[in-house]
Amino acid sequence: MPPILHYGFRPFFFLAALHAGLAIPLWLWAFFSGVRFAGPFDGMQWHAHEMLFGYLGAVLAGFILTAIPNWTGRLPLSGLPLLALVGLWIAGRAACLLSPDPWLAMAVDLAFPAILGFAIWREVLAGRNWKNLPVAAMFTVLGLANAADHLAGMGIAPYGLGQRLALAVAAILIALIGGRIVPSFTRNWLVKERSVELPSPFGALDRAALAVLAVAMLMWVGFPPTPAAGAALLVAGLLLAARLTRWRGAATAAQPILFVLHLGYAWLSLALVLMGISQIAAFLPPSAALHALTSGAIGTMTLAVMTRASLGHTGRAIVADRSIIAMYGMVSAGAALRVTAHFTGDWYTWALALGGALWCCGFLLFAVRFAPILWGSRA
């Protein structure tokens with residue numbers, strides 16, 4: 001098999017970046033021109049669906065399929081089975097864009113999370129890797145959220161329920177997995193640098209932050225916007241920020257490929273704070289807060305993981321060159337513009353377009369820069 005099919009991160013990271021880089025311009029063109037796609041979703045719902053279940057689904061597939069062999073000690077999914085999964089993901093994207101039959105689009109799109117979810121559960125259970133059962137469960141919930149979003153498009157489920165559920169999964173996964181890798185990678189680098197002060201170990205604050213986040217997400221997903229849910233989100237964001245301050249992020253500023261992990265986690269805490277404020281005060285639009293979570297936290301953290309894993313798992317030095325630093329800058333700057341666009345007055349359209357352009361160019365740069373790495377042999 002060609003190298004692109006050796007590990008799950010190779011095809012799915014490449015396709016995720018390409019999808020993010022091309023879907024945003026397509027959405028902006030539809031938004032400004034008023035064109036409606038042939039698929040089952042209107043323009044806004046298609047945009048949200050593809051970012052959550054297209055882009056994020058591909059990134060999670062690449063990450064989990066690559067991490068499972070390390071978790072379980074079993075062989076990775078590769079070759080023809082991996083090619084079949086890639087084909088299912090592509091078919092889902094085509095169905096959501098082009099199929100006028102909503103039931104057909106739903107069946108085709110859900111085939112990918114269903115088959116991948118089965119593979120994840122099989123490997124975790126066969127390897128008796130109980131520690132990562134929550135990750136498998138979160139991916140299953142993401143598949144259910146995908147189904148709910150399709151049903152919402154047909155008027156069967158409440159509008160936005162599937163999207164909120166998917167965003168809750170994303171926030172919990174960033175808090176959970178990020179809470180493992182950010183302090184761990186930081187500790188390893190600081191030990192190598194002979195630093196005496198290291199990130200604080202997992203403790204009561206970490207448990208409290210994750211527990212409050214889970215409760216806040218449940219309230220946000222299951223109930224209409226209320227001050228109580230807003231307060232819970234606000235507290236969760238502040239606890240995650242306090243957690244982040246204990247990981248010595250400032251000491252990693254000289255190592256951009258490590259510092260960006262701290263930046264992605266900071267975006268998560270900021271997003272939760274903004275989401276909480278938007279439910280308590282009227283001056284902050286909920287869409288601005290949501291884009292801090294989607295464009296900021298999800299975009300930055302997934303790009304950070306994709307660059308690091310692609311370099312490390314292909315035998316290359318885990319160091320950010322100028323092009324990689326440019327990716328990080330474009331994605332975070334694009335997210336910042338998208339979040340603040342609502343406050344730019346007459347410049348709203350320009351801020352929206354520039355923010356989207358910067359964000360998608362960051363991912364297109366990843367696709368171009370990492371294509372030889374992901375498609376080529378291990379160094």
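As a basis for the values below, the full set of heavy atoms in this structure was taken, side chains included, without hydrogen atoms, waters or symmetry mates. The model shown is predicted, which means the values in this text are computed figures rather than measured ones.
- Taking the side-chain contact (heavy atoms from CB on, under 4.5 Å) definition, one finds that Leu144 meets it with nothing, sequence neighbours left out.
- A search for side chain to side chain donor-acceptor pair (under 3.5 Å) contacts involving Thr302 returns Tyr55, not counting sequence neighbours.
- Contacts of Phe139 classified as ring-ring contact (aromatic ring centres under 6.0 Å, His included), with partners at least two apart in sequence or in another chain: none.
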Let me have the donor-acceptor pairs involving side chains of residues 341-368, under 3.5 Å, with sequence neighbours excluded, atom names and distances please.
| from | atom 1 | to | atom 2 | distance (Å) |
| --- | --- | --- | --- | --- |
| His342 | NE2 | Ser287 | OG | 2.9 |
| Thr344 | OG1 | Ala341 | O | 2.6 |
| Thr344 | OG1 | Tyr348 | N | 3.2 |
| Trp359 | NE1 | Ser295 | O | 3.0 |

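- Checked against ring-ring contact (aromatic ring centres under 6.0 Å, His included), Trp121 has no partners two or more places apart in sequence or in another chain.
- Val108 belongs to a hydrophobic cluster whose other members, connected by ILVMFWY side-chain contacts under 4.5 Å either directly or through intermediates, are Leu104.
- For Glu123, the side chain to side chain donor-acceptor pair (under 3.5 Å) partners two or more places apart in sequence, or in a different chain, are Arg74.
- Counting only residues at least two apart or in different chains, ring pair (Phe, Tyr, Trp, His ring centres under 6.0 Å) contacts with residues 173-200 are absent.
- Taking Trp46 as the reference, Phe37 meet the ring-ring contact (aromatic ring centres under 6.0 Å, His included) condition, with sequence neighbours excluded.
- Residues His47 and Leu28 are not in side-chain contact: their nearest non-hydrogen atoms beyond the backbone lie 4.5 Å or more apart.
- Judged as a ring pair (Phe, Tyr, Trp, His ring centres under 6.0 Å), the pairs with a partner in residues 257-314 (not counting sequence neighbours) are, in order, Phe9-His313, Trp247-Tyr265.
- Evaluation of the side-chain contact (heavy atoms from CB on, under 4.5 Å) rule for Arg248 yields Leu190, Ser195, Glu197, Ala251 as partners, not counting sequence neighbours.
- With sequence neighbours excluded, no residue satisfies ring-ring contact (aromatic ring centres under 6.0 Å, His included) with Phe118.
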